[in-house]
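First the structure, in the form of structure tokens, and then the observations on it.
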Amino acid sequence: ISDQKKLPEGLAPKEISKLRFADIACGSGSFLIAVYDTVLHHVEKWYNDNPAEAKKAKCSEIEKGIFVLSLKQKQQILLDNIFGVDIDRQAVEVAQLSLFLKLLESESGATAEQLSFERTKILPDLSKNIQCGNSLVEYDISDLFPLTTEEEMKIKPFSFNQAFRPIMDAGGFDAIVGNPPYFSLSTIDVNLQKYFQNKYATFDKTGDIYCLFFEKNIRLLRTGGIECYITSNQWLQTNYGRKLRNFFVENCNPKKLINFGGFKVFQGATVDTSILVLKKEPCDNHLEACHFKNDYSKEQTIEDYFENHSKVLTELRGDKWEIIDGDVGSLKRKLRDASKP
């Protein structure tokens with residue numbers, strides 16, 4: 001985010017250990033792995049910038065003055081920082097396995113032998129971090145209509161206040177990221193439609209389920225928390241998107257928008273996408289944005305798009321988001337810097 005340091009940049013390990021990152025439709029865990037990798041990188045960098053602290057923390061010194069995190073430290077970071085939910089039990093298991101593989105990346109057999117000697121488990125218990133459930137449906141659904149055992153097993157109601165009580169009691173998550181499902185709410189069960197209509201301000205029968213995920217995330221964030229989602233960009237231009245745009249302005253602060261238009265972020269997918277960064281704070285009525293033209297005739301890289309399309313400021317007035325021209329400036333440079341090896 002342009003007006004502040006990105007989490008967990010510049011923070012000491014003790015401060016980072018208090019941050020809670022989540023993906024509430026985590027699937028096989030791709031976004032969680034990326035977040036975990038980012039946290040590991042920042043903690044390790046901090047220790048290399050503070051070698052005396054690295055020795056106190058018992059980091060592994062692979063060369064004189066060069067430190068890497070021990071397996072125990074990486075275990076603790078995983079348990080402290082990374083959380084996820086998905087409705088698919090198999091996806092949850094794959095996400096846990098993927099995080100285990102990331103944890104063990106670059107570790108040697110000697111590390112495993114040492115932990116075995118110390119009677120320390122190599123793989124931590126992630127059952128409280130990555131859980132199975134329906135992030136959009138809580139147990140209060142039974143107040144609207146009774147669920148049979150079979151229906152409950154299918155819907156899988158889930159309570160964040162119960163499953164992540166310490167986090168929610170402390171105010172909520174610090175950041176939520178992801179790529180939620182996309183499908184029309186008109187295709188779901190009528191009873192679920194009634195539940196969503198009562199529960200979510202952004203519900204529209206003609207709308208898409210990712211709108212509800214946007215809203216749910218804001219509820220789950222602490223004040224000042226950040227949401228970053230890549231979704232279909234239809235919310236920018238459809239009638240059902242008006243409710244979502246209004247919700248953003250009334251309940252949080254849209255900070256940055258990248259509307260990819262015709263650029264295919266996901267190979268093989270037909271949907272046009274956008275990335276939106278939101279902060280849970282009062283709206284300041286300005287959004288840093290970059291809109292791309294729908295050009296399906298050319299195969300171009302993201303860098304090509306930033307080279308040829310200008311950044312704009314978008315003034316937010318309820319469901320009317322007005323464009324103010326600008327230049328690509330820092331957004332292009334940041335993207336190029338991030339893509340360098």
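Keep in mind it's a predicted model, so treat the numbers as computed, not measured.
Between the OG atom in Ser60 and the NZ atom in Lys72 there is a gap of 11.0 Å [rounded to 0.5 Å]. Between the CD1 atom of Ile77 and the CG atom of Leu69 there is a distance of 5.0 Å, given to the nearest 0.5 Å. With rounding to the nearest 0.5 Å, the separation of CG in Leu147 from OG in Ser142 is 6.5 Å. Residue Lys205 holds its NZ atom at 10.5 Å from NZ of Lys194, rounded to the nearest 0.5 Å. Considering NZ of Lys156 and SG of Cys132, their distance stands at 4.0 Å, rounded to 0.5 Å. Between the CD atom of Gln162 and the CD atom of Glu138 there is a distance of 9.0 Å, given to the nearest 0.5 Å.
Side chain of Ser184 to backbone of Ser186: a donor-acceptor contact under 3.5 angstrom is found. In terms of modelled atom types and a separation under 3.5 Å, the side chain of Gln131 and the main chain of Lys128 share a donor-acceptor contact. Using modelled atom types, no side-chain atom of Asn134 and backbone atom of Phe158 make a donor-acceptor pair closer than 3.5 Å. The backbone N or O of Gln234 lies less than 3.5 Å from no partner atom in the side chain of Gln237, so there is not a single donor-acceptor pair. No donor-acceptor pair under 3.5 Å is formed between the side chain of Lys279 and the backbone N or O of Ile226. Between the side chain of Glu152 and the main chain of Pro157, no donor-acceptor pair closer than 3.5 Å is present. In this structure, the side chain of Glu215 engages the main chain of Thr202 through a donor-acceptor pair within 3.5 Å. Remark: side-chain polar atoms of Arg20 are not paired, donor with acceptor, to backbone N or O of Ile167 under 3.5 angstrom. When atom types are taken as modelled, the side chain of Gln96 and the backbone of Ile130 share a donor-acceptor pair closer than 3.5 angstrom. In terms of modelled atom types and a separation under 3.5 Å, the side chain of Lys280 and the main chain of Leu221 share a donor-acceptor contact.
When only modelled atom types and interatomic distance are considered, Tyr229 and Asn217 share a side-chain donor-acceptor pair under 3.5 Å. Between the side chains of Asp272 and Asn233, no donor-acceptor pair of N or O atoms lies under 3.5 Å.
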Exercise for the section: Quick one: do Ile230 and Ile258 satisfy side-chain contact (heavy atoms from CB on, under 4.5 Å)? Show the steps, please. Expected result: CA-CA 9 Å; Ile230 180 167; Ile258 302 174; over 6 Å; no
Exercise for the section: Might you work through the side-chain contact (heavy atoms from CB on, under 4.5 Å) test for Val249 and Asn246, ending with a clear yes or no? Expected result: CA-CA 5 Å; Val249 174; Asn246 272 322; 5.7 Å; no
Problem - Residue pair Ile66, Glu61: steps toward the side-chain contact (heavy atoms from CB on, under 4.5 Å) verdict - result: CA-CA 6 Å; Ile66 299 178; Glu61 190 170 9; 5.9 Å; no
Problem - Verdict with reasoning, Phe67 to Trp46, per ring-ring contact (aromatic ring centres under 6.0 Å, His included) - result: CA-CA 10 Å; Phe67 297 90; Trp46 189 91; over 10 Å; no
Problem - Step-by-step ring-ring contact (aromatic ring centres under 6.0 Å, His included) determination, Phe164 to Phe173 - result: CA-CA 10 Å; Phe164 302 109; Phe173 292 95; 5.7 Å; yes
Problem - Residues Ile155, Asp189; criterion side-chain contact (heavy atoms from CB on, under 4.5 Å); working and verdict - result: CA-CA 10 Å; Ile155 294 174; Asp189 179 80; over 6 Å; no
Practice task
Assess whether side chain to side chain donor-acceptor pair (under 3.5 Å) is satisfied between Tyr195 and Asp140, documenting all intermediate values.
Solution key: CA-CA 9 Å; Tyr195 175 78; Asp140 61 357; 2.7 Å; yes
Handout entry: ring-ring contact (aromatic ring centres under 6.0 Å, His included) assessment of Phe248 paired with Phe214
Key = CA-CA 9 Å; Phe248 290 153; Phe214 267 121; 5.2 Å; yes
Exercise for the section: Take Glu53 and Lys56 through the test salt bridge (charged side-chain N to carboxylate O under 4.0 Å, His left out) and record every step on the way to the result. Expected result: CA-CA 5 Å; Glu53 295 297 325; Lys56 286 182 185 178; 3.7 Å; yes
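With a 4.5 Å cut-off on side-chain heavy atoms, Tyr47 and Pro13 count as touching. Using a 4.5 Å cut-off on side-chain heavy atoms (C-beta onward), Ile16 and Val39 make contact. Contact annotation: the side chain of Glu9 approaches that of His42 to within less than 4.5 Å [non-hydrogen atoms, C-beta and beyond]. Counting heavy atoms from C-beta on, the side chains of Thr231 and Pro180 come closer than 4.5 Å. Residues Asp208 and Pro181 have side chains not in contact (no heavy-atom distance under 4.5 Å, counting atoms from C-beta outward). For the pair Lys256/Leu276, no side-chain contact is recorded, criterion being any heavy-atom separation below 4.5 Å from C-beta on. Between Val68 and Glu44 the shortest side-chain heavy-atom distance falls below 4.5 Å. Looking only at side-chain heavy atoms (C-beta outward), Asp204 and Leu185 stay at 4.5 Å or farther from each other.
Note on Ile188: it clusters hydrophobically with Leu136, by side-chain heavy-atom contacts below 4.5 Å among ILVMFWY residues. In this structure, Ile122 is a member of the same hydrophobic cluster as Phe100, with clusters built from ILVMFWY side-chain heavy atoms closer than 4.5 Å. Phe145 and Met153 fall into different hydrophobic clusters, defined by Ile, Leu, Val, Met, Phe, Trp and Tyr side-chain heavy atoms under 4.5 Å apart, directly or through other members. Note: the hydrophobic cluster containing Phe247 also contains Leu278 (ILVMFWY, side chain heavy atoms under 4.5 Å, direct or indirect links). In the hydrophobic clustering of ILVMFWY residues, with side-chain heavy atoms under 4.5 Å counting as a link, Leu32 and Ile275 come out together.
Of all heavy-atom pairs spanning Cys26 and Asp86, the tightest one is N-OD1, 3.5 Å. In terms of heavy-atom proximity, Phe83 sits nearest to Leu79 at CZ-O, 3.7 Å. Residues Ser274 and Trp235 share a closest heavy-atom pair of OG-NE1, 3.3 Å. Among all heavy-atom pairs drawn from Asp174 and Lys18, the shortest one is OD2-O, 3.7 Å. In plain terms, the two heavy atoms of Tyr200 and Lys216 that are nearest each other are OH-CD, 3.7 Å. Contact between Lys74 and Ser106 at its shortest, heavy atoms only, is NZ-OG, 4.0 Å.
Under the 6.0 Å distance and 45° angle rule, Arg165 does not count as a cation-pi partner of Phe160.
Electrostatic pairing of Glu105 and Lys102 counts as a salt bridge here, judged by a charged N lying under 4.0 Å from a carboxylate O. Between Arg89 and Glu93 there is no salt bridge, since none of the side-chain N atoms of the basic residue sits less than 4.0 Å from a carboxylate O of the acidic one.
Around CD of Glu150, the count of heavy atoms belonging to other residues, nucleotides or ligands within 6.0 Å does not exceed 12.
Ring pair Phe203/Phe196 is tilted by interplanar angle, where 30° to 60° counts as tilted.
Considering only residues two or more places apart in sequence or on other chains, Ser159 meets the side chain to side chain donor-acceptor pair (under 3.5 Å) condition with none of them.
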